[in-house]
Amino acid sequence: MITICGAGAFGTALAVSLAKNGPVILWARDADHAAEMRATRQNARRLAGVDLPENITLISGPLTAGDGACLLAIPMQKLDGFLAGFGASLDNRPLVACCKGVDLATGLGPTGLIDAACPTATAAILTGPSFARDIALGLPTALTLACADEGTGKALQSALTTPNLRLYRTIDTTGAELGGALKNVIAIACGAVIGAGLGESARAALMTRGFAEMNRLARALGAQPDTLAGLAGFGDLALTCTSDQSRNYRFGLSIGQGTDFDPSVTVEGAATARAVLARATAMKIDMPITHAVTALVNGELRVDQAMDMLLSRPLKEE
Ligand SMILES: NC(=O)c1ccc[n+]([C@@H]2O[C@H](COP(=O)([O-])OP(=O)(O)OC[C@H]3O[C@@H](n4cnc5c(N)ncnc54)[C@H](O)[C@@H]3O)[C@@H](O)[C@H]2O)c1
Ligand SMILES: O=P(O)(O)OC[C@H](O)CO
């Protein structure tokens, strides 16, 4: 049976979709939250209005996952702590990261953290363009499932495909996780220029040059260009930079508009920008948009100053 750890918006949406294939266990960190969901058959805190099918079992406390795959729908900067606490109960099975980002403390992506904490598990990542609510409502969605072990990847692709969720497969975990991590940084930049009233042309330029910058780092780290050109990279960039359903994009909008943003909302791109900039600087890789976003989220630059910084760079070939 599939277990999903993390009863946020994404973990809950995946549980609702996977319940079409068979029973699912959904583990919540907070016992009160699990009890609330058992009583109401909804996740009012994170995915209000969506009914939880009866074959989703809601648990909390010790992880009593069976021997099937376990999906980890935990925010990136919390994954390491979660694995330190519960990794021992998750050995010898496929562990599928469902988060997007780079860990600030270690510089690792989700599969790197899983490999380090659970060496007997097989790490995989599920990523690509998808809003939790779309998945939960049964709207058509296509994602990338990346697993370096081809056999496990094929089994996961089949087990995690549902009538509304179509999975493509790759062995390129590096490309898949970098695509999902880096597009959030560019989405913050796009939100900021739209929020500051700098126009759609500026957004298109940021998306395009952002994609070039994503590819530059990903290739240097061994990713396949095809992965970045697929759902995990270009696909998710297109979705996240253009929809105000995205929290990263909305966070950027608030920076551009100079308005407050609820700090409890999960915005993966802010910490990831810092982590990626540190890595890129050490590797001497030019990532000007990530540089600008890091300065924006650190409050070191205003949007107009960040844009001046980008526009005044030396002219170059495309
Ligand atoms: N929401 C979406 O549309 C969506 C889509 C695709 C991918 N994702 C990715 O899924 C990941 C989770 O996002 P979300 O939307 O579910 O966030 P969310 O804010 O809705 O929920 C996060 C959940 O993680 C739990 N959590 C926090 N710290 C924890 C810890 N230390 N141990 C265990 N659980 C902990 C919280 O209790 C909460 O239930 C992110 O990396 C995000 O990029 C989200
Ligand atoms: O709300 P966001 O910005 O975390 O985006 C959600 C998904 O990553 C979109 O694919």
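Numbering of ligands and ligand atoms starts at 1, following listing order. In this chain, residues are counted from 1 in sequence order.
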With a 4.0 Å heavy-atom cut-off, what residues sit around ligand 1?
A7, G8, A9, F10, W27, R29, R46, I74, P75, K78, F82, C98, C99, K100, S130, F131, A132, R247, T266, E268
Please verify whether a non-hydrogen atom of K183 lies at under 4.0 Å from ligand 2.
yes
Per-atom contacts of ligand 2 with N248, taking only distances under 4.0 Å to non-hydrogen atoms:
2 (P), 3 (O), 4 (O)
Does A232 offer a backbone N or O that forms a donor-acceptor pair with the side chain of E177 under 3.5 Å?
no
Residue part near ligand 2, for D236, under 4.0 Å between non-hydrogen atoms
side chain
Location of contacts on K100 toward ligand 2, heavy atoms closer than 4.0 Å
side chain
One finds that the ligand 2 atoms under 4.0 Å from a non-hydrogen atom of R247 are 1 (O), 2 (P), 3 (O), 4 (O)
Are D236 and L239 close enough that some pair of their side-chain heavy atoms sits under 4.5 Å apart?
yes
Report the distance from atom CG of L165 to atom CG of L14, rounding to the nearest 0.5 Å.
7.0 Å
Does only the side chain of L239 get under 4.0 Å from ligand 2, or the backbone, or both, or neither? Count heavy atoms.
side chain
4.0 Å heavy-atom contact, G128 with ligand 2
yes
Show, in sequence, the C-alpha distance, side-chain angles and deciding distance for S246 and F251, and conclude whether the side-chain contact (heavy atoms from CB on, under 4.5 Å) test is met.
CA-CA 9 Å; S246 158; F251 176 58; over 6 Å; no
May I ask you to decide if T141's main-chain N or O and N164's side chain share a donor-acceptor pair within less than 3.5 Å?
no
Check S246 against ligand 2 and report side chain, backbone, both or neither, counting heavy atoms closer than 4.0 Å.
both
